> 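I am attaching a structure below and will ask some questions about it afterwards.
Quantities reported herein were computed from a predicted structural model and do not represent experimental measurements. Letters go in sequence order (proteins before strands), and every chain restarts at 1.
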2 protein chains.
Amino acid sequence: MPGKATRARAAKPRRRSAEDRRRQVVAAAKRIVLRQGFEALTMRRVARLAGVSAAALYLYFPDRVSLMAAVADALFHGLLAAFRAALIRAEGNPDPRARLHAVMTAYLDWGLGHPDEYRVIFMTPITGVAGHRPGPPGVPAAPSGQATFQALQAEVARLIERGVFRPAEPQVVAEALWAAGHGLVALLITKPDFPWSPREALVGTMADALCRGFSADGTGLRAGSKPAAQRGEDRHAEADERDPRPGRSR
Amino acid sequence: MPGKATRARAAKPRRRSAEDRRRQVVAAAKRIVLRQGFEALTMRRVARLAGVSAAALYLYFPDRVSLMAAVADALFHGLLAAFRAALIRAEGNPDPRARLHAVMTAYLDWGLGHPDEYRVIFMTPITGVAGHRPGPPGVPAAPSGQATFQALQAEVARLIERGVFRPAEPQVVAEALWAAGHGLVALLITKPDFPWSPREALVGTMADALCRGFSADGTGLRAGSKPAAQRGEDRHAEADERDPRPGRSR
DNA sequence: CGTTCAGATGAACGCTGTTCATATACCGGC
DNA sequence: GCCGGTATATGAACAGCGTTCATCTGAACG
């Protein structure tokens with residue numbers, strides 16, 4: 001508790017080292033995920049890239065999963081940006097379902113386009129399945145993740161209020177939507193050998209079915225044949241800090 | 001290829017050692033997953049339980065992921081049994097949607113009831129994300145897994161043929177159903193800290209929405225309030241070889 | 001009996017997450 | 001200006017991981 005503030009100006013440069021090096025470590029870890037991929041996210045590698053010893057990481061994070069959680073939180077901003085961009089893009093659309101469709105396809109496209117980051121955020125297993133204490137029992141695992149989910153939930157609530165969706169608990173519907181999207185991304189990442197149908201057809205079918213399933217009048221996205229064909233050109237629009245990494249193209 | 005058969009009776013005990021020890025290793029690995037959990041599935045532990053050295057495992061499996069694939073294949077029979085039991089149970093039901101609902105809830109219940117096995121089968125990441133060659137390029141990763149999926153696909157095709165589901169490619173619909181179910185199970189396993197809605201509500205909402213979304217007439221499972229409430233008593237009916245493992249209850 | 005050879009092994013390599021005694025550098029108090 | 005204390009950082013070490021390899025064993029064959 002160095003808040004005693006050594007009289008005056010000495011407190012500041014010390015403070016910078018305290019919290020800032022933590023951010024610096026997270027930035028190094030983030031860069032490793034982006035450039036070398038998920039498998040390379042190792043304590044020793046992070047330490048090496050951050051220019052510190054491996055033991056020093058344990059001054060800022062109690063263990064590996066805590067660092068991973070911080071990295072996930074940092075990586076989340078990419079998904080959040082894609083989310084927001086999709087919402088803004090579809091804002092003028094009078095059809096409220098189109099907004100949901102935009103959000104869903106944004107989620108799917110981001111996950112499929114950034115599989116390593118997605119694995120860190122949503123597919124890192126809890127170490128012991130049973131061996132995880134909630135830590136500070138008030139704060140959730142990923143703050144910005146919670147925020148993103150609540151954005152989805154708010155969108156769902158709006159749809160229900162306007163009578164577009166059948167009356168239901170917005171939280172349950174939002175969780176189901178999230179889970180469905182996650183399942184698609186996760187399976188495509190984990191089982192690339194499976195003879196999947198074309199991705200556009202899969203994404204379109206999933207989004208259309210869910211929209212139809214939750215709609216009050218049973219209407220899908222477009223009720224037509226190619227509900228998710230118009231987008232597909234501007235897929236890379238939301239990339240903010242892509243980084244070509246060698247030898248891991250696909 | 002020792003089929004030369006050393007004259008007579010000597011061939012048999014040799015043959016037993018060849019293919020049978022492979023099965024024995026897989027059985028040991030399976031028992032480890034069931035009793036000690038997913039995290040304990042390591043080469044050295046499997047070897048120790050199987051009564052052989054760690055290096056001996058590499059006489060039967062080229063590397064760890066191949067062993068995991070074999071274990072996954074072995075564990076799949078539990079899910080397959082739950083699948084079949086659900087189908088048989090719902091066979092008398094005249095409503096074809098009920099069959100699909102039974103299959104979906106069987107999948108979800110099995111996955112949520114056997115999280116360690118589920119992680120081996122569906123959530124083990126491909127080692128390098130890019131570093132996986134298809135090996136023998138004709139055989140899929142998990143034979144019985146493929147069979148199970150084709151059972152689902154056949155069920156979907158039947159629904160489409162009878163006009164219950166809207167006309168569509170059965171494979172895409174089956175993949176979407178699988179992905180949605182997987183997403184629910186995977187997220188509940190990976191993110192147990194998230195403030196999820198009650199599981200019954202989640203499962204019911206998901207199953208109903210998908211049924212409604214793919215149905216030709218937009219009809220859900222029961223169109224009522226609690227579509228998944230009648231089952232829930234006979235959840236443990238399909239357990240065939242449960243094994244109470246110490247200290248990992250939840 | 002001697003040879004051969006598949007099957008099994010112990011030891012080793014390089015890596016992992018994590019801990020701990022030790023060293024360094026900076027700080028307030030004298 | 002110097003001293004003692006305290007946070008910060010480190011190298012070395014531990015146990016365990018997947019994997020490889022030279023070596024050993026034991027049964028089958030001529």
Side-chain angles (χ1 to χ4, degrees), chain A residues 1-22 24-25 28-29 32 36-71 124-128 131-132, chain B residues 1-22 24-25 28-29 32 36-71 124-128 131-132:
Chain A
M1 199 63 70
K4 205 61 199 302
T6 77
R7 198 64 63 99
R9 63 164 237 294
K12 263 297 163 55
R14 200 130 189 83
R15 256 272 162 270
R16 184 196 159 278
S17 265
E19 176 101 358
D20 225 37
R21 283 188 85 85
R22 208 185 121 107
Q24 173 183 343
V25 167
I32 283 188
Q36 267 109 322
F38 175 83
E39 326 287 339
L41 189 53
T42 297
M43 299 298 268
R44 284 178 158 92
R45 276 194 228 232
V46 170
R48 208 180 312 152
L49 185 61
V52 297
S53 75
L57 299 186
Y58 291 85
L59 299 175
Y60 308 114
F61 303 93
D63 53 4
R64 182 175 184 268
V65 305
S66 300
L67 195 156
M68 298 265 288
V71 175
T124 49
I126 303 301
T127 40
H132 86 287
Chain B
M1 197 69 73
K4 206 64 202 300
T6 76
R7 197 64 64 99
R9 64 165 235 290
K12 262 298 160 51
R14 201 129 188 81
R15 252 271 162 265
R16 186 197 157 274
S17 266
E19 177 100 0
D20 225 35
R21 284 187 87 84
R22 208 185 122 106
Q24 172 183 343
V25 167
I32 283 188
Q36 268 109 322
F38 175 83
E39 325 287 341
L41 188 53
T42 64
M43 300 297 268
R44 283 177 156 93
R45 274 194 230 234
V46 170
R48 208 180 312 153
L49 185 62
V52 297
S53 75
L57 299 186
Y58 291 84
L59 299 174
Y60 308 115
F61 302 94
D63 52 5
R64 183 175 183 266
V65 305
S66 300
L67 194 156
M68 297 267 286
V71 175
T124 48
I126 304 302
T127 41
H132 85 286

> Within less than 4.0 Å of OP1 or OP2 of D:dA9, is there a side-chain N or O belonging to A:Y60?
yes
> For residues 64-71 of chain B, which side-chain donor-acceptor pairs fall under 3.5 Å, sequence neighbours excluded?
residue, atom, partner, partner atom, Å
B:R64, NH2, B:L41, O, 3.1
B:S66, OG, B:D63, OD1, 2.8

> Distance check needed: D:dG18 C1' versus B:M68 CE, whole Å only.
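Result: 12 Å.
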> Measure the shortest side-chain to side-chain distance between A:Q24 and A:V52 over non-hydrogen atoms and say whether it is less than 4.5 angstrom.
no
> So how far off straight is the helix from C:dC1-D:dG30 to C:dC30-D:dG1, going by the axes through five pairs at either end, to 10°?
20°
> Show the nearest heavy-atom pair for residues B:L49 and B:A28, with the distance to one decimal.
CD2-O, 3.5 Å
> Over how many whole Å does the gap from B:L57 atom CG to D:dC17 atom P extend?
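That distance rounds to 12 Å.
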> At their closest point, which heavy atom of B:Y60 faces which heavy atom of B:R22, and how far apart are they?
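B:Y60 and B:R22 have their closest heavy atoms at O-NH1, 3.1 Å.
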> Let me know the distance between CD of B:E19 and P of C:dG7, rounded to the nearest Å.
13 Å
> Can you name the closest pair of heavy atoms from A:R44 and A:A54 and give their distance?
CG-CB, 4.1 Å
> Starting at CG of B:L57, measure out to OG1 of B:T42 and round the result to the nearest 0.5 Å.
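The OG1 atom of B:T42 is 9.5 Å from CG of B:L57, to the nearest 0.5 Å.
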> Do nucleotides 11-24 of chain C as a string where each nucleotide becomes B, S or -: B if the base has a protein heavy atom under 4.0 Å, S if just the sugar-phosphate does, - if no protein is that close.
-B---BBBBB----
> B:L59 CG to D:dA22 P: how many Å, rounded?
15 Å
> Take atom CZ of A:R21 and atom C1' of D:dT8, then tell me their distance rounded to the nearest Å.
9 Å
